[in-house]
Amino acid sequence: ELTFLTKQEILAHKRFTELLSKEERELPNTRLPMEKILTLPELKSNPFRKRICHVFSTSEENDGSLTFEDFLDLLSAFSDSATLEIKSHYAFRIFFDDDGTLDCGDLEKLVNCLTGETDETRLTEAEMGQLINNILEESDIDKDGTVNLSEFQHVISRSPDFVSFKIVL
């Protein structure tokens, strides 16, 4: 009763510090290496786990490491209380390669990530081409061959399952 922190914030800090070594816990502004973050059960089986770390990381080394503040941002963006706009913004950033749009190459990587990149699960070139064409036909409102954030958000707004996506501790 004497704290302004929520139970979730306290649990998040506990989870974050559990992943640190004793020496790291003593240091201010410790960054948690991506390899340790990826051991969390909430991310372990997510096909986009590395990209998620990179999107939320403020590391100048671009190594996907997270400070506690980065970790809270990640949890907040995919919490129950996050708006569709916030969730779709971060999902879009996770899917594209930092150029601001989803192009054919990004969509192919996205599909391969979702289906697995083994010989048994990989789509044929023809199947991949057809799927990407279908995605662009449905999503590319301005017909420029890419999907921008507003087009992505328009598609996502029609998907009730997307709103329920969350990462819970």
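Just so it is clear, the model here is predicted, and its values are computed rather than measured.
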S.K.: Going through the checks in order, is the side-chain hydrogen bond (donor to acceptor under 3.5 Å, both in side chains) test met by D73 and S76?
M.R.: CA-CA 5 Å; D73 288 344; S76 177; over 6 Å; no

S.K.: Rounded to the nearest 0.5 Å, what separation is found between the OG atom of S57 and the CG atom of L74?
M.R.: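 Going from OG on S57 over to CG on L74, the span is 10.5 Å.
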
S.K.: Atom OG of S88 and atom CG of L149: how far apart are they, to the nearest 0.5 Å?
M.R.: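 Atom-to-atom, S88:OG and L149:CG are 6.5 Å apart.
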
S.K.: In terms of hydrophobic clusters joined by side-chain contacts under 4.5 Å, are I86 and F78 together?
M.R.: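 Yes; F78 is reachable from I86 via cluster members.
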
S.K.: Does the side chain to side chain contact (heavy atoms under 4.5 Å, CB included) test come out yes or no for L20 and L32, once each step is laid out?
M.R.: CA-CA 7 Å; L20 296 170; L32 189 59; 3.6 Å; yes

S.K.: Would you sort out whether L38 and K50 count as a side chain to side chain contact (heavy atoms under 4.5 Å, CB included), showing the intermediate values?
M.R.: CA-CA 8 Å; L38 298 180; K50 289 183 180 177; 3.8 Å; yes

S.K.: For the residue pair N134 / Q130, report whether a side-chain donor-acceptor contact shorter than 3.5 Å exists.
M.R.: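 Their side chains do contain a donor-acceptor pair, which is all the 3.5 Å distance test asks for.
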
S.K.: Looking only at heavy atoms, which two atoms of C113 and P47 are closest? And how far apart?
M.R.: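 Closest pair (atom of C113, atom of P47, distance): SG-O, 3.0 Å.
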
S.K.: Contact between K44 and R49 at the side-chain level, heavy atoms closer than 4.5 Å - yes or no?
M.R.: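 They are not in side-chain contact.
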
S.K.: Enter the distance from T58:OG1 to L66:CG here, rounded to the nearest 0.5 Å.
M.R.: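 T58 OG1 to L66 CG: 8.0 Å, rounded to 0.5 Å.
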
S.K.: More than 12 heavy atoms of other residues, nucleotides or ligands under 6.0 Å from CD of E18: is that the case?
M.R.: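 Atom CD in E18 is crowded, with more than 12 foreign heavy atoms closer than 6.0 Å.
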
S.K.: Salt bridge check, E26 against K22: does any charged N sit closer than 4.0 Å to a carboxylate O?
M.R.: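 Between E26 and K22 there is no salt bridge, as every charged N stays at least 4.0 Å from the carboxylate O atoms.
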
S.K.: What is the distance from atom CD of E85 to atom OG of S157, rounded to the nearest 0.5 Å?
M.R.: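 Rounded to the nearest 0.5 Å, the CD-OG separation comes out at 11.5 Å.
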
S.K.: Check whether any side-chain heavy atom of D140 sits under 4.5 Å from a side-chain heavy atom of E151, and report yes or no.
M.R.: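 Counting from C-beta outward, D140 and E151 do come under 4.5 Å.
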
S.K.: Between N62 and H54, is any pair of side-chain heavy atoms under 4.5 Å apart?
M.R.: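 Heavy-atom side-chain distance check passes, below 4.5 Å.
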
S.K.: Can you measure from CZ (R31) to CG (D63) and round to the nearest 0.5 angstrom?
M.R.: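 The CG atom of D63 is 6.5 Å from CZ of R31, to the nearest 0.5 Å.
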
S.K.: Flag the pair V155 / I135 as yes when at least one side-chain heavy-atom distance between them is below 4.5 Å, and no otherwise.
M.R.: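 Heavy-atom side-chain distance check fails, nothing below 4.5 Å.
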
S.K.: Starting from the C-alpha separation in whole Å, work towards a yes-or-no answer on side chain to side chain contact (heavy atoms under 4.5 Å, CB included) for E42 and R15.
M.R.: CA-CA 12 Å; E42 297 85 357; R15 289 291 299 279; 3.0 Å; yes

S.K.: Looking at K109, is its backbone amide N or carbonyl O close enough to the side chain of N112 to form a donor-acceptor pair, meaning the two atoms are under 3.5 Å apart?
M.R.: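 No: the side chain of N112 does not pair with the backbone of K109.
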
S.K.: Can T30 and E24 be said to form a side-chain hydrogen bond (donor to acceptor under 3.5 Å, both in side chains), step by step?
M.R.: CA-CA 6 Å; T30 301; E24 290 170 323; over 6 Å; no

S.K.: Would L75 and L84 show up in the same hydrophobic cluster when neighbours are defined by side-chain heavy atoms closer than 4.5 Å?
M.R.: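 Cluster IDs for L75 and L84 match.
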
S.K.: Just wondering, are more than 12 heavy atoms of other shown residues or ligands nearer than 6.0 Å to CG in D142?
M.R.: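 Result for CG/D142: enclosed.
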
S.K.: State the CZ-OG1 distance between R122 and T115, to the nearest 0.5 angstrom.
M.R.: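 Nearest 0.5 Å value for the CZ-OG1 distance: 8.5 Å.
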
S.K.: If hydrophobic clusters are built by linking Ile, Leu, Val, Met, Phe, Trp and Tyr wherever their side-chain heavy atoms come under 4.5 Å apart, do V55 and M34 end up in the same one?
M.R.: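 Different clusters: V55 never reaches M34 through Ile, Leu, Val, Met, Phe, Trp or Tyr contacts under 4.5 Å.
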
S.K.: Identify all side-chain donor-acceptor contacts of residues 100-108 below 3.5 Å with residues at least two apart in sequence or on another chain.
M.R.:
unit_1 : atom_1 : unit_2 : atom_2 : d
D103   : OD1    : G105   : N      : 3.1
D103   : OD1    : D106   : N      : 2.9
D106   : OD2    : D103   : N      : 3.2

S.K.: Examine L114 and V147 and state if one hydrophobic cluster contains both, with Ile, Leu, Val, Met, Phe, Trp and Tyr joined whenever side-chain heavy atoms are less than 4.5 Å apart.
M.R.: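 Yes, L114 and V147 fall within the same hydrophobic cluster.
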
S.K.: Count the heavy atoms of every other residue, nucleotide or ligand shown that sit under 6.0 Å from NZ of K36, and state whether that count exceeds 12.
M.R.: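 Enclosed: over 12 neighbouring heavy atoms sit under 6.0 Å from NZ of K36.
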
S.K.: How far apart are the closest heavy atoms of S65 and S59, and which atoms are they?
M.R.: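 In this case the closest contact between S65 and S59 is OG-CB, 3.5 Å.
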
S.K.: Is the shortest side-chain heavy-atom distance between F152 and F96 below 4.5 Å?
M.R.: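 No, too far: nothing below the 4.5 Å cut-off.
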
S.K.: If the plane angle is over 60° it's perpendicular, under 30° parallel, otherwise tilted; pick one for F71 and F16.
M.R.: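 Geometry flag for F16 against F71: tilted rings.
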
S.K.: Any salt bridge linking R158 with E138? Criterion: basic side-chain nitrogen under 4.0 Å from a carboxylate oxygen.
M.R.: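 Salt bridge: yes.
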
S.K.: Flag the pair L110 / F48 as yes when at least one side-chain heavy-atom distance between them is below 4.5 Å, and no otherwise.
M.R.: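 Yes. Closest side-chain heavy atoms under 4.5 Å.
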
S.K.: Would the distance check show the side chain of S139 and the main-chain N or O of L136 forming a donor-acceptor pair, the cut-off being under 3.5 Å?
M.R.: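 Checked: no pair found.
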
